[in-house]
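Everything below concerns the one structure shown next.
Chain identifiers are assigned alphabetically (A, B, ...) following the order of the sequence lines, protein sequences preceding nucleic acid strands; residue numbering begins at 1 within each chain. Because the structure is predicted, anything quoted here is derived from the model rather than measured.
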2 protein chains.
Amino acid sequence: MTMNLSLTDIQQTFRDCGLKSTPQRTAIYQALVHSTAHPTAENLFTQVSPAYPMLSLNTVYYTLGVLRKAGLVQEVNVGHDRARFDANLSPHHHVICLGCHAILDVMDPRLNRLSSPLGIPKDFEITSHQVAFRGYCGTCRRSRSSMTTSPSGKRPAIQ
Amino acid sequence: MTMNLSLTDIQQTFRDCGLKSTPQRTAIYQALVHSTAHPTAENLFTQVSPAYPMLSLNTVYYTLGVLRKAGLVQEVNVGHDRARFDANLSPHHHVICLGCHAILDVMDPRLNRLSSPLGIPKDFEITSHQVAFRGYCGTCRRSRSSMTTSPSGKRPAIQ
DNA sequence: TTGCTACATAGGAATCATTCCTAAACAGGA
DNA sequence: TCCTGTTTAGGAATGATTCCTATGTAGCAA
């Protein structure tokens, strides 16, 4: 997501976090770092599988859990379908397409300095905030305007 | 959540939306309207069950789906645990406690007028946005500071 | 280099929220 | 009052995620 991390960079990152560096773990993290699509665990599994045919989806979940605890990865919420992951650690926000569920990063720095909200208990300590913009991407807008009378509501088409 | 809706108000609301008014549906919606806790489907089931012992959790899900499609209810995302629901229709934002997963409404009107974000495709049409503040409520802060050496991460304690 | 040990992996089974299916009940209009 | 389409309830199905466990292996120390 962020910059291009080489293999040795990733291994260094793991070492800094006290994580063992295994081929599977490296491949999964590398795939996530180089993606802008906020992939699901299964997306990552599909992407990494060809190189590691024995890879288990289980391992992907375990690895994502480890990386999350190490602070290298965050989970992104888009409805209550499957979890999606992001290795972009700099503070940022998201734009979510209600049609195809695509997630785009928004790096607009103005959004990072919202004043703390009015009307919450004084002893509530805010540690972070994130803005989620929702709407329709160009592709989904065009396909929506062309289906004149369809009353349907949902048509999933991940990414 | 919003104001105190009487039973007849609710029946009128249903009629306006073209929804049949059944005792179960009324009870579920009433429970949600009068709650500030953003309950789950199961919370609502538990709350309404005593008055309707035959009530099915299924019906709660079905009803919430119907109300959502009618625009009377919205789903709130807090991680990928269970879905939580909100009958507060005015634009508002949320403060989420990372300790006990409580959700508070934030009605701060300044947050409703964020300028549209920089750096997204021109043909992306934003229809809404919502700010999620995360942190720790007073209770969770106090219990966290008292557990001096516990390295644990998660301790769920819904609402 | 070799061994040890704790952490990783893979596979299968379990969990659990949510959805699907279906027959019976019922709200609301004719 | 009757009819029809919606709603309800119950059970079964789905599907993402987690749990369990035996085997494998990275990284450290001798």
Checklist entry - How long is the line joining OH of B/Y62 and P of D/dT6, in whole Å? => result 8 Å
Next on the checklist: Can you measure B/K69 atom NZ to C/dT19 atom P for me and round it to whole angstrom units?
Outcome noted: 9 Å
Checklist outcome for this item: Judged by nearest nucleotide, the residue sitting upstream toward the 5' end of DNA chain C, B/S21 or B/E42, is B/E42
Next on the checklist: From the set D/dA26, C/dT9, D/dT17, return the single nucleotide nearest to any side-chain atom of A/Y61.
Outcome noted: D/dT17
Next on the checklist: Distance check needed: C/dC16 P versus A/D81 CG, whole Å only.
Outcome noted: 21 Å
Item to check | OP1 or OP2 of C/dT18 under 4.0 Å from side-chain N/O of B/R82 | outcome: no
Checklist outcome for this item: Atom CZ of B/R25 and atom C1' of C/dA25 are separated, to the nearest Å, by 14 Å
Next on the checklist: Whether B/Q24 contacts D/dA9 is assessed here as follows: a side-chain N or O lying under 4.0 Å from the phosphate OP1 or OP2. Is that the case?
Outcome noted: yes
Checklist entry - Which part of the nucleic acid does A/T59 contact within heavy-atom distance under 4.0 Å: base, sugar-phosphate only, or nothing? => result base
Next on the checklist: Distance check needed: D/dG27 C1' versus A/R15 CZ, whole Å only.
Outcome noted: 11 Å
Next on the checklist: Tell me whether the side-chain N/O atoms of A/T40 come closer than 4.0 Å to OP1 or OP2 in D/dA16.
Outcome noted: no
Checklist outcome for this item: When rounded to whole Å, the CG to P distance for the pair A/L67 and C/dA8 reads 10 Å
Checklist outcome for this item: Closest non-hydrogen atoms of A/A27 and A/Y52, given as atom of the first, atom of the second and distance, are CB-CE1, 3.6 Å
Checklist entry - Does A/T63 have a side-chain nitrogen or oxygen under 4.0 Å from the phosphate oxygens OP1 or OP2 of C/dA8? => result no
Checklist entry - When all nucleic acid strands are considered with a 4.0 Å heavy-atom cut-off, which category describes B/L55: base, sugar-phosphate, or nothing? => result sugar-phosphate
Checklist entry - Roughly how far, to the nearest 0.5 Å, is the CD atom of B/Q12 from the CG atom of B/L5? => result 11.5 Å
Checklist entry - Can you tell me how far P of D/dT8 sits from CG of B/L64, to the nearest Å? => result 11 Å
Item to check | Per B/S56 side chain, nearest of listed nucleotides C/dG11, D/dG10, D/dA16 | outcome: D/dG10
Checklist entry - Do A/D16 and A/T13 have side-chain N/O donor and acceptor atoms under 3.5 Å apart? => result no
Next on the checklist: Using 30° and 60° as the class boundaries, would you call the ring planes of A/H38 and A/H94 parallel, tilted or perpendicular?
Outcome noted: perpendicular
Next on the checklist: Under a plain distance cut-off of 3.5 Å, with no hydrogens placed, do A/H93 and A/N112 share a side-chain donor-acceptor pair?
Outcome noted: yes
Next on the checklist: Just the rounded figure in Å: distance from C1' of C/dA13 to CG of A/N58.
Outcome noted: 11 Å
